[in-house]
Amino acid sequence: MLRHGLITAVFCCLIASALTLTKGGGWADHLVYSLAIGTISWLFIDGCRLLLTRGRAIRWPFGARGYVVVVVGVTLGFLGGNLIGDAWVGAPTFDFLDFAGHKLATAIVITITATVGMCFYFYSLGKSKHLQGQIDLAQRAATEARLKLLETQLEPHMLFNTLANLRVLITLDPPRAVTMLDRLNSYLRVTLSGSRALSHPLAAEFDRLGDYLELMAVRMGPRLRYTLDLPDDLRDVPVPPLLLQPLVENAIRHGLEPQVEGGEITVRARHEGGRLVLDVCDTGQGQAPDEAPSEGGGFGLTQVRERLATLHGDTAALKLTPLREGGTCASISFPLTP
């Protein structure tokens, strides 16, 4: 309402300037008439608008009520504003009703035209805001649906990879296979039984990642070593669930497993110039940054890129960088939300 009042005041100043240029006289006198008429009309129309449309999306009374509000607002503004203006310039009371020189007709035409024009502008502004809100709501719903679809694709992919590893371990080392199966059961209970959300704190992502790495450590034994580095000031930053796990899977499958001695995975979170940077680095055999990993790796990286693009558009990035000492570092970066 206050914004409408400021716009009305500016519009009244423009009317006063136009009248000064076309009819002569003092600008201050025209301004008093214009502001008095515009303020009374605005207060009545905007006040009725808010009272009659409480709880509605488009804050404007439809049908006969809307026309009545405008007509009464124009009448009150015209009568009250001219009385105030006449008092300001020292003219007799109701002097504006004098038809001489078409004074009354001119004042009525200006008042009606200005008031109706401002009402139409405010109505269009409110409707545009409502439609933009509906568009934003539809876009958020589409984004949420796409993220949920990507997540439902990613979860069984992770499960199938883990079951494939478990099948190999059953043949080679049944006791360790049983231990791995127990850890898998606990991991799935925590990860899949909860309600699906579009985001969770980065601390929860690191916790789930720690569970997964412990699960993989059952199969790989001392060949797998890992470090999780999460600063306290980044623990509550929201991220999509299972954002880092595909990168860790990729590092194990294509970096550490091909090496007899295995290697180490370091997952690190840091902020850099207003952006969150998440690094998943391994000491494996390494691969070229633009190399397309086979099977699971390609799927996982594609999923991560699509989820980042859905949430952050062009402001997010995923880069694979070969390390000089051997291995690969996958880095995700996107703007930190305030």
Side-chain angles (χ1 to χ4, degrees), residues 151 153-192 202-230 239 241-269 278-289 291-304 318 320-332:
E151 188 175 338
Q153 293 173 347
L154 191 58
E155 286 173 350
H157 169 77
M158 176 277 299
L159 180 59
F160 294 152
N161 280 350
T162 305
L163 291 176
N165 292 331
L166 183 60
R167 182 177 182 276
V168 173
L169 197 60
I170 289 174
T171 304
L172 300 177
D173 193 340
R176 289 173 63 196
V178 172
T179 303
M180 185 177 183
L181 186 59
D182 291 338
R183 281 199 174 272
L184 177 61
N185 182 50
S186 300
Y187 173 80
L188 293 178
R189 183 181 297 112
V190 173
T191 303
L192 304 180
L202 188 57
E205 180 74 4
F206 268 65
D207 289 341
R208 297 289 76 77
L209 203 57
D211 293 339
Y212 176 76
L213 285 166
E214 283 296 320
L215 183 63
M216 292 296 99
V218 174
R219 183 175 66 84
M220 296 184 64
R223 296 178 61 232
L224 174 61
R225 302 175 301 280
Y226 66 88
T227 301
L228 301 178
D229 181 8
L230 175 60
V239 296
L242 301 176
L243 179 65
L244 296 175
Q245 186 165 303
L247 303 182
V248 173
E249 288 186 60
N250 198 58
I252 293 175
R253 184 179 182 86
H254 301 280
L256 304 189
E257 281 191 332
Q259 294 188 145
V260 175
E261 69 277 14
E264 182 175 0
I265 293 178
T266 301
V267 183
R268 181 185 306 107
L278 302 172
D279 297 321
V280 178
C281 303
D282 66 79
T283 59
Q285 66 176 6
Q287 61 185 27
E291 179 183 343
S294 60
E295 301 178 28
F299 176 85
L301 293 177
T302 300
Q303 290 291 92
V304 172
L318 168 60
L320 295 180
T321 306
L323 300 177
R324 183 175 303 175
E325 62 274 15
T328 304
C329 190
S331 296
I332 293 174

In L247, V239, D279, the residue satisfying side chain to side chain contact (heavy atoms under 4.5 Å, CB included) with I332 is L247
Worksheet item: Going through the distances and angles, do E214 and D211 end up as a side chain to side chain contact (heavy atoms under 4.5 Å, CB included)?
Response: CA-CA 5 Å; E214 283 296 320; D211 293 339; 5.8 Å; no
On a heavy-atom basis, the closest approach of V304 and L318 is CG1-CD2, 3.9 Å
Donor-acceptor under 3.5 Å (R223 side chain, G263 main chain)
no
Heavy-atom nearest pair, D173 first then R176, reads OD2-CD, 2.6 Å
Rounding to 0.5 Å, atoms CD1 (I265) and CZ (R225) come to a distance of 10.5 Å
Review point. Is there side-chain contact between V280 and N250, with heavy atoms separated by less than 4.5 Å?
Key: no
Minimal heavy-atom distance between C329 and L323, with the atoms involved, is CB-CD2, 3.7 Å
Heavy-atom closest pair (L202 atom, A269 atom, distance to 0.1 Å) is CD2-CB, 3.9 Å
*Taking the side chain as every heavy atom from C-beta outward, state whether M220 and E257 have any pair of such atoms under 4.5 Å apart.*
yes
Practice problem: Check the pair L209 / Q245 against side chain to side chain contact (heavy atoms under 4.5 Å, CB included), numbers first and verdict last. | Solution: CA-CA 6 Å; L209 203 57; Q245 186 165 303; 4.2 Å; yes
Separation between OG (S331) and CZ (R268), nearest 0.5 Å, reads 9.0 Å
d(M216 CE, Y226 OH) to nearest 0.5 Å is 12.0 Å
Measure from the side-chain N and O atoms of E264 to the backbone N and O of T227, and report whether any donor-acceptor pair falls under 3.5 Å.
no
| query | So, T283 versus E325: side-chain donor-acceptor pair below 3.5 Å or not? | reply | no
In terms of heavy-atom contacts, G210 and L228 come closest through CA-CD1, 3.8 Å
Rounding to 0.5 Å, atoms CG (L163) and CE (M180) come to a distance of 8.5 Å
Separation between CG (L278) and CZ (F206), nearest 0.5 Å, reads 6.5 Å
Distance col, row D282:CG vs Q259:CD, nearest 0.5 angstrom, shows 8.0 Å
> Backbone N or O of L243 within a donor-acceptor pair of the E205 side chain at under 3.5 Å?
Replying inline: yes
